[in-house]
Amino acid sequence: MKTSQLLIPTLREDPGEAETVSHRLMLRAGLIRKTAAGIYTYLPLGLRIIRKIEQIIREEMNRAGAQELLMPIASPAELWKETGRWEYYGKELLRFKDRHERDFCLGPTHEEVITDLFRREVRSYRQLPLNFYQIQTKFRDEIRPRFGLMRGREFIMKDAYSFDTDDAGAKISYQKMYDAYTRIFTRCGLTFRAVEADTGLIGGDVSHEFMVLAETGEATVVYSDQGSYAANLERAEVLPPSHPDDELPRPLTPVATPQCRTVEEVTAFLTISSRQLVKTLLYRADKETVAVLIRGDHDLNEVKLARLLQVTEVQLADPDTVSRLTNAPVGFAGPIGLTGVRILADHAIHMMRNMVVGANRADTHYVDANWDRDFRVDQFADLRNAQAGDPSPKGPGFLTLAKGIEVGQVFLLGTKYSKSMNATILDDQGKERLAIMGCYGIGVGRTAAAAIEQNHDEKGIIWPLPIAPFHVHLLPVSQSAKTADAVSRLYTDLSANGFEVLWDDRDDRAGVKFNDADLIGAPFQIIIGDKGLADGVVELKVRRSGEKSRVAPPDVVTHLLRLFGNTGLTPPAHSTFLA
RNA sequence: CGGGGCGUAGCGCAGCCCGGUAGCGCGCCUGCUUUGGGAGCAGGAUGUCGGAGGUUCAAAUCCUCUCGCCCCGACCA
């Protein structure tokens with residue numbers, strides 16, 4: 001395709017609105033333009049990338065036995081009221097009324113719609129297992145859209161839903177999707193990890209997230225440096241410490257700590273390590289307020305706390321509540337003499353001796369507090385975030401932390417939706433059973449963004465071959481008839497051999513073309529000019545390495561095929577996991 | 001929703017504090033020259049200064065309201 005027939009509005013300067021690499025490069029390379037906050041138009045080049053990713057997804061979903069369908073983007077409130085998510089989903093669900101004043105929403109996900117279809121159309125266990133998927137635009141009215149396609153409000157997602165007769169079958173369906181996802185992201189040329197995940201608003205029992213490892217990722221993943229354990233930080237288990245401190249208990253002593261509220265202030269003032277300090281955090285969980293004890297150098301994990309308390313969300317108590325319960329300003333809460341609330345403590349507290357805690361009195365802390373002697377703990381639990389160096393909770397090794405971009409997530413839902421929507425089938429005994437479901441999502445635009453985060457340099461994007469908008473970028477750099485003729489022949493030759501070719505036919509200087517080509521990031525560039533043609537060659541440049549070779553025009557196709565991996569247009573293999 | 005910031009030409013920005021003819025770079029158009037890593041010279045076009053109201057002889061500039069956008073946080077696939 002000729003550049004003159006394609007709108008590719010590249011930008012020489014960085015747009016002010018973009019912060020991350022992928023957002024900046026998508027705008028600069030002319031892939032997307034913003035229409036409203038978190039809402040983008042895909043320009044021709046950007047759409048080609050999206051389509052490439054979609055195609056890989058389709059092939060792998062079909063291979064895994066899933067069937068494609070397409071659900072509506074608008075869905076009626078009744079379905080959402082059946083599962084309770086009309087209320088539960090909150091403001092993220094964009095609602096509107098039709099002309100008859102009936103309530104609708106734009107689909108943020110489609111469990112309700114597919115379960116409704118399933119219960120109407122499927123009767124017998126003989127029809128199972130089933131797995132339906134679609135690639136479709138979703139809308140979630142995000143609190144804060146950011147980073148371009150990384151977190152948009154409107155975004156393209158592949159979502160799939162499996163239905164099985166029993167748990168064993170559902171596990172197989174889940175595993176098939178897990179394997180399909182592994183193939184998909186491998187084929188997209190991404191370095192990723194599948195990690196154990198929390199289930200959030202979707203619900204369910206088991207879940208993995210597929211994380212593309214990148215500095216700009218919004219999620220934190222932990223993984224064992226030796227074993228296979230990997231999890232989202234929200235989820236990562238922390239083993240209780242095995243050895244108690246060997247100090248002997250000393251007598252409890254109050255000390256003045258004027259104006260020392262934070263861990264930093266208190267430890268600096270008392271010249272102690274943050275490991276000796278215990279933070280007492282007061283949390284609201286539905287109607288209850290609880291106190292949570294966490295060692296000074298640890299961070300509370302709110303997801304774990306919410307799960308322990310069996311509530312959907314927890315939040316720090318407001319200052320008024322804190323001072324009412326502790327009789328002290330925020331910063332001096334402690335477990336000693338604290339009444340009226342349950343006291344929960346992280347496992348680490350169990351082993352501590354002679355800790356420093358707030359005294360529930362302004363400007364005062366206690367030193368040498370011991371929980372079994374000086375205060376009560378109602379329950380010990382795993383309540384903190386894992387830290388680098390913690391032992392892996394499963395298998396060998398120690399934990400490492402990394403940032404990741406969540407490009408996909410798979411859930412084993414169980415009967416969460418089939419139950420509330422009464423989606424049943426008859427089993428081989430003629431008995432009604434609830435379908436066992438799973439659901440599986442991939443953010444298509446986010447996958448493209450993640451690919452850029454992992455594949456770029458200071459000049460621009462370096463597309464992995466399988467998702468590149470074009471394989472080859474032809475760059476004529478002379479104006480002569482000779483060059484024009486050579487380019488035209490090459491274009492025909494390459495196209496006839498199945499290569500997707502972008503031909504820069506603009507009347508621009510070589511430098512402009514080189515820079516745009518590097519920015520757009522086709523894996524291969526062919527530079528055609530009088531200088532080379534005088535020697536009977538063109539230059540073939542590999543975008544990633546910058547390596548150039550001089551090739552006679554009739555040999556270009558063969559040469560490229562060899563670079564593609566000797567197997568026609570099958571892209572070369574990419575590594576899956578980080579070492 | 002809380003905190004911070006920004007809306008001036010297609011893009012990136014200056015001008016605003018201290019009111020008085022709206023600017024710079026890039027891009028765009030025309031011509032000539034140039035042509036292998038973002039060309040040179042000459043000429044040219046382009047703005048309801050986000051919107052509404054107010055103060056003033058006079059508002060991009062001061063005041064009020066409003067809309068949009070970005071960043072941090074809370075939240076989230």
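Numbered from 1 within each chain, the chains take letters A, B, ... in sequence-line order. Predicted model, so just to flag it, every value in this text is computed and none were measured.
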Practice prompt. Determine whether any donor atom in the side chain of A:Asp518 lies under 3.5 Å from an acceptor atom in the base of B:G37, or the reverse, and answer yes or no.
Written response: yes

Discussion item. Going by side chain to side chain contact (heavy atoms under 4.5 Å, CB included), A:Met26 matches just one of A:Leu45, A:Thr20, A:Leu31. Which one?
Written reply: A:Leu31

Worksheet, complete the sentence: Testing B:A77, B:G38, B:G12 for proximity to the side chain of A:Arg151, the answer is B:A77

Discussion item. Check for me whether the distance between the ring centres of A:Tyr161 and A:Phe132 falls short of 6.0 Å.
Written reply: no

Name the pairing partner of [N], where a pair is Watson-Crick or G-U wobble with both distances under 3.5 Å, or state none.
N     : value
B:C6  : B:G68
B:G36 : none
B:C28 : B:G44
B:C76 : none
B:G20 : B:C57

Practice prompt. Could I get the full list of side-chain contact (heavy atoms from CB on, under 4.5 Å) partners for A:Val477, not counting sequence neighbours?
Written response: A:Ala510, A:Phe514, A:Ile527

Decide whether [X] and [Y] meet the rule of one side-chain donor and one side-chain acceptor closer than 3.5 Å.
X        : Y        : result
A:Lys531 : A:Ser478 : no
A:Arg544 : A:Asn455 : yes
A:Tyr181 : A:His208 : no
A:Ser488 : A:Asp485 : no

Could you check how far [atom1] of [X] sits from [atom2] of [N], rounded to whole Å?
X        : N     : atom1 : atom2 : answer
A:Asp507 : B:A39 : CG    : P     : 13 Å
A:Leu233 : B:C76 : CG    : P     : 15 Å
A:Lys513 : B:A39 : NZ    : P     : 12 Å
A:Ile143 : B:A77 : CD1   : C1'   : 13 Å
A:Asn232 : B:A77 : CG    : P     : 10 Å
A:Arg33  : B:G10 : CZ    : C1'   : 10 Å
A:Asp508 : B:U34 : CG    : P     : 18 Å
A:Arg28  : B:G27 : CZ    : C1'   : 14 Å

Worksheet item: Does a side-chain N or O from A:Arg509 land closer than 4.0 Å to OP1 or OP2 of B:A39, or not?
Response: yes

Worksheet item: According to a strict under-4.0 Å criterion, is A:Arg140 in side-chain N/O contact with OP1 or OP2 of B:C76?
Response: no

Expressed in whole Å, how much space separates the [atom1] atoms belonging to [N] and [M]?
N     : M     : atom1 : answer
B:G20 : B:G44 : C1'   : 29 Å
B:A59 : B:G50 : C1'   : 16 Å
B:C6  : B:A60 : C1'   : 15 Å
B:C13 : B:G19 : P     : 27 Å
B:A58 : B:G2  : P     : 37 Å
B:U55 : B:C29 : C1'   : 43 Å
B:U61 : B:G25 : P     : 25 Å
B:G51 : B:G10 : P     : 13 Å

Checking all strands, does [X] fall into the base, sugar-phosphate, or nothing category for heavy-atom contacts under 4.0 angstrom?
X        : result
A:Gly148 : nothing
A:Leu11  : nothing
A:Lys158 : nothing
A:Arg153 : nothing
A:Lys91  : nothing
A:Glu302 : sugar-phosphate
A:Leu475 : nothing

Discussion item. What I'd like to find out is whether the side chain of A:Ile442 reaches to under 4.5 Å of the side chain of A:Met157, using heavy atoms alone.
Written reply: no

Worksheet entry | 5'-most by nearest nucleotide on RNA chain B - A:Gly443 or A:Asp516 | A:Asp516

Fill in: Most 5' of A:Gln409 and A:Phe514 on RNA chain B, judged by nearest nucleotide
A:Phe514

Discussion item. Determine whether A:Leu540 and A:Leu563 satisfy the following criterion, side-chain contact (heavy atoms from CB on, under 4.5 Å), listing intermediate values before the conclusion.
Written reply: CA-CA 11 Å; A:Leu540 199 163; A:Leu563 287 171; 3.8 Å; yes

Worksheet item: Stacking check: are the rings of A:Phe155 and B:A77 less than 5.5 Å apart at their centres and under 30 degrees in tilt?
Response: yes

Item to complete: Can you sort out which residues in residues 532-543 of chain A have a heavy atom within less than 4.0 Å of RNA chain B? Ascending by number, please.
Response: A:Gly532, A:Glu539, A:Lys541

Worksheet entry | Member of A:Glu19, A:Glu142, A:Glu406 meeting the salt bridge (charged side-chain N to carboxylate O under 4.0 Å, His left out) criterion with A:Arg151 | A:Glu142

Atom pairs, N/O to N/O, protein against nucleotides 70-72 of chain B, distance under 3.5 Å?
residue	atom	partner	partner atom	Å
B:C72	OP2	A:Arg144	NH1	3.1
B:C72	OP2	A:Arg144	NH2	2.7

Worksheet item: Does A:Arg446 count as lying over the ring of A:Phe155, i.e. NZ or CZ under 6.0 Å from the six-ring centre, within 45 degrees of the axis?
Response: no

Worksheet item: At what distance, to the nearest 0.5 angstrom, does CD of A:Gln55 lie from NZ of A:Lys52?
Response: 10.0 Å

